[in-house]
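Naming: A, B, ... by sequence-line order, numbering from 1 per chain.
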Amino acid sequence: MADAKVIPFDDDRGRGRGTGRERRMRTEGGERGSGTSTRRSTPGEGPLKSVPEQSRSEGEPVPPNEGRGEATPATEVSEPSMLERLLGSDWEDRAAHGLAFLRRRLTGEYEVDDFGYDRELTDQVLMSLLRPLYEKYFRVEVRGLENIPDEGAALIVSNHSGTLPLDGLMLQVAVHDHHPADRTLRLLGADLVFVLPVVGELARKAGHTLACAEDAGALLERGELVGVMPEGFKGLGKPFAERYKLQRFGRGGFVSTALRTGAPIVPCSVVGAEEIYPMVGNSRTLARLLGVPYFPVTPTFPWLGPLGAVPLPTKWTIQFGEPLPTDGYAPEAAEDPMLLFNLTDQVRETIQHTLYKLLVGRRSVFF
Amino acid sequence: MGRVVLVTGAARASAGAFIRSLQDSEEVERVVAVDLRQPVHPLGAAEFVRLDIRQPAIAGVLAGHGVDTVVHLDLQGTPSPLGRSRTAVKETNVIGTMQLLGACQKAPALRRLVVKSTTGVYGSAPRDPALFDETMRSRALPRGGFARDAVEAEGYVRGFARRRPDVAVSVLRFAHELGSAREAPLAGYFSLPVLPTVLGHDPRLQFVHEEDVLGALHRVLAPDGPAGTFNIAGDGVLLLSQCARRLGRPTLPLPLPALGWSGAALRAAGAPDLPAELVDVLTHGGAVATGHAREVLGFTARRSTAEVLEAFLRRRGSGPVPPQRLAGAVDLFAGLLPGRKEG
């Protein structure tokens, strides 16, 4: 029993140290769960120091490249040139890579899919822009990624909050950067997104499309991973006092689409997005004037102008839950209102419970 | 006993090609070509009847020649090559279709009606699905112009199909063609040295090759050609920015109202017009699903959207900033990197 208690600590620390070193070596970070494991392992580091060697000698042999091996490439480079010291040792490769990218962009030789998803632009530019927000600002911790299938269609259903749909973007980064099978999340957005210039263009290029049964069905039939926030504006623009209280889940259209395509439903709970813009008021007059569903008034916005639009640096947790299979039903099930309501409620309850559980486990809004 | 086919809109070059290719088919005994003006291109052995389809005289032609198949190609997006105004084109599109259908209803020998329509009937609106199939309708009707005409004409065609269930009615909705600038609005647009675009929008566009237009028409005219409505488009989509870069034509992003004014300025300068529905296309674009045509009609466009644009580029040549030159400049820069053999 004592061993069983020790080994997880050891594993945890070994991983934490490895990734810590990797982070210093590489320019781009983003190992899954590395932040938590380093943090958790630090207090126990002193007294347990001899344990790694002990358990390694008993168990599996040490792979040559693990841990210490990582340090060798940097030491092998004997005399780095001026440019290399300034820009890093792989700057040539990166420059060539960047130029090849530029060449494809300038000549238009890249592909977009039928929905306007520009994979290259998303991978190289859009995700790089969002990553600092994800890793450094909101320090998103993602759990349960194994619940997203490695291949085939699935419908991720998430809560929606935060006044601006940053939670959707962070979900996309989470799946893009951390899912082992390199999946792409195709979000379904409100029509307002696609009416707006620039925003609509970028949304389509990032792989999002209009939240309608036709597009959702078409994407699921192609075996894509589709993300939907059934609360819509009701969830996004709810007052701060109602945070983490799920709103009505639309009319359950997402369940009907999932049933029709047999795609499993993966419930997803996002904690942290509610507090980025604490919406204490809503100016209906301004909202009507601007043609938007709500006009948020927060302690800082619009009083501080653009500065008030800076989100609060809350700590986020994204939890993907157990998938709910939908392929066991009869073909006419998609038309059965009772079943649709039941399944909708089931998904909603799961997300609400997970939210409460995550909230109880949360130490502070910001850490 | 072969078939007698009547083709409307024969004065257009694309219709001329169709009429000539129709005569190669064994089942077709005679082709009657109809238009308001004498076509300048050869029609082969087809019999040309100079006739305005807005006039009831069309009924006499149908009965007199014993026509059993009508191919209605006179649903046009651009003023005719012989300088008809937009108003006259709209009249031909809507009133002409009504008159033609009225005549068809009185023609007992008629067995088949094929109408060449456009994917413009789905409109270009941000609140619509990304991919339209034949059963969907836009939440917002096209604002005007050819797309609106096509919606109205298709309405009359549906009415006709209800009244004459013995006639196989097929409607082919074609994506944008990139033929001659006179017949394809987008071809005219892509011939501009600088492409005015809508600021903050990058629409998805879908093209179809002229050969695929002919192919689809022939497929639906075959004895086992099914009735129904079919989307015909090349595979894949291209963004407007992609098209502009591949064509080597710089873009000039303008706010939406300014694009309307630039249309007026272009018209004043005698350049190809930028009609209102083209502005919609350039703002939101759109794409259609072609699965129904593949499964029911058994027709797949042989040229993809990208290949249609490539063919257009070969025919027209590239614009002021050819992509090869840009690529060459980047390669030159890549060659300056020390320690790299290939770019």
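- The contact between A:L196 and chain B is made entirely by backbone atoms, counting heavy-atom distances below 4.5 Å.
- Of the atoms belonging to B:D133, not a single heavy atom falls under 4.5 Å from chain A.
- For B:L199, the part lying under 4.5 angstrom from a heavy atom of chain A is the backbone only.
- B:R246 places a side-chain heavy atom less than 4.5 Å from the side chain of A:E109.
- Heavy-atom distances place both the backbone and the side chain of A:L106 under 4.5 Å from chain B.
- Contacts of A:R204 with chain B are made by side-chain atoms alone, with heavy-atom separations under 4.5 Å and no backbone atom involved.
- Between the CD atom in A:E201 and the CG atom in B:L240 there is a gap of 9.5 Å [rounded to 0.5 Å].
- B:R204 places none of its side-chain heavy atoms less than 4.5 Å from the side chain of A:V112.
- In this structure the side chain of B:L131 never reaches within 4.5 angstrom of the side chain of A:E214, judged on heavy atoms.
- Annotation: the span from B:R245 atom CZ to A:Y110 atom OH amounts to 4.0 Å, rounded to 0.5 Å.
- For B:R325, the CZ atom counts as loosely surrounded, since its 6.0 Å shell holds 12 or fewer non-hydrogen atoms of other residues, nucleotides or ligands.
- Ranked by heavy-atom pairs under 4.5 Å with chain B, the first of A:V195, A:V193, A:D113, A:D118 is A:V195.
- Options A:L99, A:D114, A:L202 differ in how many heavy-atom pairs under 4.5 Å they form with chain B, and the most are formed by A:D114.
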